[in-house]
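Protein chains get the first letters and strands the later ones, always in sequence-line order, with residue 1 at the start of each.
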Amino acid sequence: MRWIVASAWPYINAVPHLGTLIQVLSSDVYARYRRKKGDSVVFVSGSDEHGTPIEIEAIKKGISPKELTDKMHSYVSDLFERFGISYDNYTRTESPTHVKFVQEFYMKVYENGHIFEKETEQLYCPNDKMFLPDRFVIGTCPYCGYEKAHGDQCDRCGRLLNPTDLINPRCAICGAEPELRRTKHWFFDLPKFSDKLKEYIESNEQLPDNARAMSLSMIEDGLKPRSITRDNKWGIPAPFPGAEGKTIYVWMEAVLGYVSAVKEHFERLGKPEEFNEFWKGKDTKSIYFIGKDNIPFHTLIFPALLMASEEGYILPYNVASTEFLLFEGEKFSKRERIGIWLDEALALLPADYWRFYMIYIRPETKDANFAWDDMVAKINDELNDTLGNLIHRVLSFIKSRYDGVVPEAQLDEESEEMLKEAKEIAKRIEENLERVKLRDALKEFLEMARLGNRFFNSREPWRDIKENRARADSTVVASFNLLRAMACYMHIFMPFSAEKLWRMMGLDGEPAPLSDAFNIVAGVQLREVEPLFHKVSKEELQEKLEEIRERGEVLSARE
RNA sequence: AGCGGGGUGGGGCAGCCUGGUAGCCCGCCGGGCUCAUAACCCGGAGGUCGGUGGUUCAAAUCCACCCCCCGCUACCA
């Protein structure tokens with residue numbers, strides 16, 4: 001089976017925070033799982049780097065948008081690599097392949113007759129010489145009198161607004177008074193695809209309930225045409241006749257990155273023909289990891305665009321959406337410094353600790369909360385004590401009592417029984433991964449450690465070693481092979497630790513594919529053994545974070 | 001306002017679709033073990049499953065209404 005695994009493209013006006021990491025990590029866990037199952041996987045994402053907020057950020061910093069995103073893209077790519085995200089291609093929307101692909105794609109859709117143009121009136125800032133997105137107009141709310149209402153919605157009374165409703169409207173960037181100007185835009189005729197989309201969603205059983213319900217109700221309410229163009233300077237030039245000076249709206253452009261990134265991947269490999277096999281192949285499935293706010297884009301607009309291109313691209317097989325992550329009960333906020341940013345996170349703890357905890361609290365059914373106390377408890381009690389200690393007690397037992405060599409031994413019935421139980425757990429891990437229940441899969445994985453601890457306790461090999469050597473041998477071989485299987489599954493969730501464990505166990509290469517996880521191995525000479533994890537303390541972590549911020553040790557702390 | 005998600009022992013969650021002894025982790029109490037990172041294992045206490053009404057022999061699970069929390073509402077990305 002071929003798989004295209006993708007995560008939503010992070011917008012890189014700033015360093016991403018932990019909330020962003022959820023999608024990125026989820027997709028990585030899934031991609032690693034598919035590879036470990038032997039599937040052919042292309043795992044892609046990239047930096048979303050066009051649009052107004054980045055233009056403004058660049059103006060603030062006194063550099064060009066390109067300079068800003070060059071820097072941010074390389075910084076963010078490096079962060080993801082350090083988090084162990086196994087992208088086959090982490091690209092960017094400035095990539096020439098992407099730019100060319102987007103332009104050709106939209107020309108195709110245009111020629112197919114799914115795009116029309118329309119004149120509208122929009123607020124324009126004569127000072128900044130740009131049209132203002134609704135969000136970038138500030139004024140007094142006509143309903144409640146709030147003076148800092150945004151053009152799309154009043155943050156105080158919650159009413160939806162048009163920017164022209166505002167009393168005393170001002171440009172959010174410079175404060176100047178904007179003026180109404182006529183402008184022409186190109187629209188994608190989304191409503192035309194309503195029936196096809198409905199059919200697609202209804203027949204796509206693995207779509208999560210929340211995605212299906214939301215999408216169908218939007219179709220029911222009536223879809224509206226979506227504008228494709230913007231008057232921004234920073235973006236991909238719109239290719240339509242008469243659209244000189246216009247760019248493609250970032251959203252309508254970034255989603256196509258899922259396609260262009262795979263194309264680019266195969267071009268780099270020197271096998272451009274495989275792109276079509278992947279993206280148009282009958283035996284390819286695609287899965288997208290996104291936040292719930294992104295659902296309509298992936299279940300409606302993106303599939304409709306793919307249909308409209310009439311190129312035969314496969315439609316999304318699954319759109320794995322999560323709820324949101326809160327930070328100590330509040331929303332992440334850059335301005336108020338609520339949250340932890342990815343560079344800070346890596347300065348605090350090894351990537352696997354974050355991978356473990358983030359998947360552990362993955363917001364699958366409802367909004368989840370990051371809490372220091374909870375993170376410390378999970379790391380100390382589960383990652384360190386339950387899992388880390390099992391590994392260490394087994395390996396150090398082999399070190400001290402067996403000179404570090406796993407004995408060749410016949411497994412007795414109890415040992416066989418334990419491994420059989422471990423296989424049952426492994427099966428449940430895989431079932432959960434198949435259903436994208438990553439949190440449950442991780443929790444099942446911890447069950448393997450509990451099983452190992454229970455087994456080791458009840459067998460008391462430290463006693464057998466003196467009185468019943470054969471029984472001790474069996475315990476040791478069974479425990480060692482449980483760890484070996486665990487390393488294979490751990491490799492999906494915590495790749496760095498799994499590889500380290502594999503080496504400590506005296507095994508070569510990297511943790512085996514899942515089909516080989518339970519093949520019994522003996523006679524191995526262990527390498528140097530040391531604890532895989534250590535405990536953490538909330539106070540130390542928070543102090544360290546303070547320090548990082550005060551000293552501006554990482555980019556996000558200096559922003 | 002509309003739409004979506006949630007309200008389960010002290011904390012964090014699962015179960016609800018496919019009704020029938022309320023499950024997991026942490027914490028707490030008691031015991032065991034000493035190989036291991038004071039780690040591990042066993043047992044126990046603790047819940048009228050947001051409220052009210054209904055369907056049913058039987059409801060955390062289905063239906064109706066209500067209360068509370070969170071998010072989204074498509075030109076922020």
Integer angstrom distance from the C1' of B:rC63 to that of B:rU56
12 Å
Using the aromatic ring of A:Trp462 (for Trp, its six-membered ring), decide whether it stacks on the base of B:rC35 within the limits of 5.5 Å and 30°.
yes
C1'-based separation of B:rG15 from B:rA60 [nearest Å]:
8 Å
When the C1' atoms of B:rU61 and B:rG44 are considered, how many whole Å apart are they?
29 Å
If only side-chain N and O atoms of A:Arg459 are considered, is one of them under 4.0 Å from the OP1 or OP2 phosphate oxygen of B:rC35?
no
With rounding to the closest Å, how many angstrom separate the P atoms on B:rU48 and B:rG9?
8 Å
Under 6.0 Å between ring centres: does that hold for A:Tyr353 and A:His534?
yes
A:Asp373 has an atom CG; how far is it from atom P of B:rG27, in whole Å?
13 Å
Closest to the A:Pro531 side chain: B:rA77, B:rG27, B:rU37?
B:rU37
What does B:rA1 pair with, Watson-Crick or G-U, if both distances are under 3.5 Å?
B:rU73
Does the A:Arg355 side chain pair with the main chain of A:Phe493, one donor and one acceptor, at a distance under 3.5 Å?
yes
According to the Watson-Crick and G-U wobble definitions, with both distances under 3.5 Å, which nucleotide is paired to B:rC40?
B:rG32
Spacing of A:Phe456 atom CZ relative to B:rA36 atom P, expressed in whole Å:
10 Å
Taking atom P in both B:rC62 and B:rC49, compute the distance separating them and give it to the nearest angstrom.
15 Å
Heavy-atom nearest nucleotide on RNA chain B taken for A:Glu530 and for A:Lys224; more 5' hit belongs to A:Glu530
Looking only at side-chain atoms of A:Asn457, point me to the closest of B:rC33, B:rG15, B:rC40.
B:rC40
Among B:rG71, B:rC75, B:rA36, which nucleotide sits nearest the side chain of A:His392?
B:rA36
What integer distance in Å separates A:Asn369:CG from B:rG7:P?
15 Å
Would you find more than 12 non-hydrogen atoms of other residues, nucleotides or ligands less than 6.0 Å from A:Lys224 atom NZ?
no
Both distances under 3.5 Å, Watson-Crick or G-U wobble: report the partner of B:rG9, or none.
none
List the steps, then state whether salt bridge (Lys or Arg N to Asp or Glu O under 4.0 Å) holds for A:Asp385 with A:Lys535.
CA-CA 8 Å; A:Asp385 292 350; A:Lys535 292 208 192 213; 3.3 Å; yes
Under a 4.5 Å cut-off applied to non-hydrogen side-chain atoms, are A:Leu123 and A:Leu180 in contact?
yes
Closest nucleotide among B:rU34, B:rC42, B:rC75 to the A:Arg454 side chain
B:rC42
A:Phe332 atom CZ is separated from B:rG71 atom C1', nearest whole Å, by 15 Å
Looking only at B:rA39, B:rG27, B:rU34, the nucleotide nearest the A:Asp381 side chain is B:rG27
Rounded to whole angstroms, how far apart are CZ on A:Phe397 and P on B:rU34?
12 Å
Would you tell me if any nitrogen or oxygen in the side chain of A:Lys535 comes within less than 4.0 Å of OP1 or OP2 on B:rA39?
yes
B:rA22 and B:rA64: how far apart are their P atoms, nearest whole angstrom?
26 Å
Let's see if you can work this out: which of B:rC72, B:rC35, B:rA36 has an atom nearest to the side-chain heavy atoms of A:Asn389?
B:rA36
My understanding is that a pair needs two contacts under 3.5 Å, Watson-Crick or G-U wobble. By that rule, which nucleotide pairs with B:rA60?
none
Pick base, sugar-phosphate or nothing for A:Phe297, based on heavy-atom distances below 4.0 Å to the nucleic acid.
nothing
Integer-rounded Å distance: B:rC26 C1' and A:Ile361 CD1
15 Å
Using a heavy-atom cut-off of under 4.0 Å over every strand shown, decide if A:Gly222 touches base, sugar-phosphate, or nothing.
base
The side chain of A:Tyr11 lies closest to which of these nucleotides: B:rG32, B:rC33, B:rA77?
B:rA77
In whole angstrom, give me the gap between the C1' atoms of B:rG23 and B:rC65.
31 Å
With sugar-phosphate meaning primed atoms plus P, OP1 and OP2, does A:Asp48 contact a base, only sugar-phosphate, or nothing at under 4.0 Å between heavy atoms?
sugar-phosphate
Side chain of A:Arg450 only, please: which of B:rG15, B:rU37, B:rC25 is the nearest?
B:rC25
Candidates B:rC41, B:rA77, B:rA14 - which lies nearest the side chain of A:Asn453:
B:rC41
With respect to A:His73, which candidate in A:Tyr11, A:Tyr90, A:Trp9 satisfies the ring-ring contact (aromatic ring centres under 6.0 Å, His included) definition?
A:Tyr90
Among B:rC25, B:rC75, B:rC72, which nucleotide sits nearest the side chain of A:Ser227?
B:rC75
Please report the distance, rounded to the nearest Å, between CG in A:Leu325 and C1' in B:rC70.
13 Å
B:rG54 and B:rU73, which share atom name C1', separated by this distance in whole Å:
34 Å
Does any N or O in the side chain of A:Thr91 come within less than 3.5 Å of the main-chain N or O of A:Gly46, such that one atom is a donor and the other an acceptor?
no
When the distance from CZ of A:Arg428 to P of B:rA14 is rounded to whole Å, what number comes out?
18 Å
Scan A:Tyr249 against the nucleic acid and name what it touches under 4.0 Å (heavy atoms): base, sugar-phosphate only, or nothing.
base
Are side-chain heavy atoms of A:Ile301 and A:Trp251 found at a separation under 4.5 Å?
no
Looking across every strand, which nucleic acid part, if any, lies under 4.0 Å from A:Asn384 by heavy atom: base, sugar-phosphate, or nothing?
base
Closest-nucleotide mapping onto RNA chain B: is A:Leu532 or A:Ala368 further toward the 5' terminus? I mean the 5' end.
A:Ala368
